[in-house]
Amino acid sequence: MGRTASQYPWVIVPTYNEASNILDIVEAIRKAVPAATVLVVDDSSPDGTADLVESLSKGDQFVRVLRRPGKAGLGAAYRAGFREALSAGATALVEIDADFSHDPAVMPRLLDGLDDGAGLAIGSRYISGGSSEGLSALRLLISRLGNRYASIMLGIDVRDATAGFRAYEADALKMIDLDQVRADGYGFQVEMAYLVSQLGFRIIEVPITFHDRRAGSSKMSSDIVIEAMMLCTIWGISRRVPWLRQGSRQDRLIDHLEKLIRRSS
Ligand SMILES: Nc1nc2c(ncn2[C@@H]2O[C@H](COP(=O)(O)OP(=O)(O)OP(=O)(O)O)[C@@H](O)[C@H]2O)c(=O)[nH]1
Ligand SMILES: [Mg+2]
């Protein structure tokens, strides 16, 4: 019998100043999926998040921490975590926030989706049965409109492409050149969903209830939203205009726009 995705799952938790959540979330993840290795990817949080995980890892071989030198964004943290998990032989890679916005008890359902043949299983707020609790009306509107825009521009049949609670089948992830993945914030989630669908893998969505963060403070910024919108726009235009796909035209245009975004922020 072949390997199933849920055989050796790795759960990757990116953190920046999550000391008030990290021990509880790691415990909840270990309880929800006892077979999982939990890899916390911390960008040298000043509040000592990584030290807390390191103490925990001394008594639990399924808990690990990857320390990175400085705050470099969610996308970079996940790329580093994916590389480490894949080289350790992970069969599935789960993404979850540290702030209890995502309920770890849903993870077995995401893994079931992979075992049933999906390349990516997304915990979705915007399919029947899914919902968002505790978010402001403005944030909800931005999220909903952003998701509509992404699915129209990229032609993907995904209702919640920005969702940060999801599971990848390892073989699907291995086919993606992580060095070529460029987005950092919500755009990272959209870009990964787009790449998985372009490779022909099935994407499924499992309904979830999203909760506002339990403790600690948000790292959301308008730059992250602008980056995601800009990338969806360029990729969407490139799909329709072959001229832009030639050589490095698309990448050069994105580099240029990213510089403009950075300069104006
Ligand atoms: N390693 C790393 N983790 C990050 C970075 N930015 C955010 N995170 C983590 O990514 C997850 C999602 O970030 P959040 O700050 O919760 O972003 P959000 O969910 O959009 O916003 P709020 O829930 O309102 O705070 C959390 O676990 C953060 O600690 C980063 O630059 N590096
Ligand atoms: Mg959050």
Side-chain angles (χ1 to χ4, degrees), residues 10-29 38-54 63-85 93-104 106-107 122-126 131-147 150 160-166 178 181-190 192 208-229 262 265:
W10 278 55
V11 179
I12 297 155
V13 191
T15 55
Y16 192 75
N17 285 346
E18 300 286 1
S20 47
N21 294 309
I22 194 63
L23 294 179
D24 292 341
I25 192 78
V26 171
E27 190 191 337
I29 294 167
V38 184
L39 175 63
V40 175
V41 184
D42 185 76
D43 281 1
S44 294
S45 299
D47 73 353
T49 303
D51 298 332
L52 292 173
V53 182
E54 195 167 310
V63 177
R64 292 165 183 238
V65 60
L66 174 61
R67 291 174 185 265
R68 293 173 44 84
K71 190 168 181 339
L74 192 82
Y78 271 127
R79 285 191 290 271
F82 288 161
R83 284 194 189 97
E84 177 149 333
L93 299 91
V94 184
E95 296 183 1
I96 187 169
D97 288 356
D99 58 2
F100 282 93
S101 286
H102 308 134
D103 179 1
V106 176
M107 287 193 303
I122 297 179
S124 176
R125 297 159 287 184
Y126 306 131
S131 61
S132 262
E133 279 176 8
L135 291 190
S136 71
L138 178 66
R139 245 188 104 167
L140 208 57
L141 184 72
I142 292 172
S143 172
R144 293 212 77 134
L145 289 178
N147 269 294
D160 197 352
T162 61
F165 190 23
R166 46 172 70 190
L178 292 171
V181 178
R182 49 183 316 157
D184 272 321
Y186 294 114
F188 172 73
Q189 310 296 5
V190 179
M192 291 297 293
I208 61 154
T209 301
F210 179 95
H211 302 274
D212 199 9
R213 65 161 51 245
R214 186 186 276 184
S217 61
S218 179
K219 286 104 218 166
M220 245 278 269
S221 70
S222 57
D223 275 12
I224 283 175
V225 178
I226 293 167
E227 181 204 41
M229 299 284 285
R262 244 174 278 136
S265 67

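Start at 1 and go down the list; that is how both ligands and their atoms are numbered. In what follows, residues are counted from 1 in the order of the sequence shown.
- A donor-acceptor contact closer than 3.5 angstrom is absent between the side chains of S221 and D223.
- Atom 32 (N) of ligand 1 has D43 OD2, 2.7 Å as its closest protein atom, hydrogens excluded (heavy atom only).
- Looking only at heavy atoms of the protein, atom 22 (P) of ligand 1 is closest to S218 OG, 3.3 Å.
- The main-chain N or O of D47 is never found under 3.5 Å from a side-chain atom of S45 such that the two would form a donor-acceptor pair.
- Ranked by closest heavy atom to atom 11 (C) of ligand 1, the top entry among L135, D99, D97 is D97.
- Of all atoms in ligand 1, numbered sequentially from 1 with element shown, those under 4.0 Å from a heavy atom of T15 are 1 (N), 2 (C), 3 (N), 29 (O).
- What sits closest to atom 5 (C) of ligand 1 on the protein, heavy atoms only, is K71 NZ, 3.8 Å.
- With sequence neighbours left out, E18 forms a salt bridge (charged side-chain N to carboxylate O under 4.0 Å, His left out) with R213, K219.
- The two residues P69 and S44 make their nearest non-hydrogen contact at O-OG, 3.3 Å.
- Considering every non-hydrogen atom in both T162 and S143, the closest pair reads OG1-OG, 4.5 Å.
- Remark: the backbone N or O of I224 is not paired with any side-chain donor or acceptor of D184 at under 3.5 angstrom.
- A150 meets the side chain to side chain contact (heavy atoms under 4.5 Å, CB included) test with V190, C232; sequence neighbours excluded.
- Contact of the V13 side chain with the L39 side chain is not registered, since no non-hydrogen atoms from C-beta on lie closer than 4.5 Å.
- Salt bridge status for K71 with D42: absent, with no side-chain N to carboxylate O gap under 4.0 Å.
- Nearest protein heavy-atom contact of atom 25 (O) of ligand 1 is R213 NE, 2.6 Å.
- Protein heavy atom at the shortest distance from atom 20 (O) of ligand 1 is Y186 OH, 2.6 Å.
- Applying the salt bridge (charged side-chain N to carboxylate O under 4.0 Å, His left out) test to R67 and every residue at least two apart in sequence or in another chain returns D51, E54.
- In this structure, the protein non-hydrogen atom closest to atom 28 (C) of ligand 1 is E18 OE2, 3.2 Å.
- By the criterion of a heavy-atom distance under 4.0 Å, both the backbone and the side chain of P14 are placed next to ligand 1.
- The protein non-hydrogen atom at the shortest distance from atom 18 (P) of ligand 1 is R139 NH2, 3.8 Å.
- For V41, every heavy-atom contact with ligand 1 shorter than 4.0 Å involves the backbone, none the side chain.
- Checked against a 3.5 angstrom limit, the closest N/O atoms of S217 and ligand 1 fall outside it.
- Contact atoms of ligand 1 toward L74: 8 (N), 9 (C), 10 (O), 11 (C), 30 (C), 31 (O) (distance under 4.0 Å to a heavy atom of the residue).
- Around the Mg ion (ligand 2), protein atoms of type N, O or S found under 2.8 Å number 1.
- The minimum heavy-atom distance linking M107 with V94 is given by the pair SD-CG1, 3.8 Å.
- Close approach of ligand 1 to G73 is summarised as follows: ligand atoms under 4.0 Å from at least one heavy atom of the residue are 30 (C), 31 (O), 32 (N).
- In terms of N/O distances under 3.5 Å, ligand 1 is approached by A98.
- Evaluated for a side chain to side chain donor-acceptor pair (under 3.5 Å) with D160, the options Q189, R166, R125 yield exactly one hit, R125.
- Taking the six-membered ring for Trp and thresholds of 30 and 60 degrees, F210 and H102 have ring planes more than 60 degrees apart, a perpendicular arrangement.
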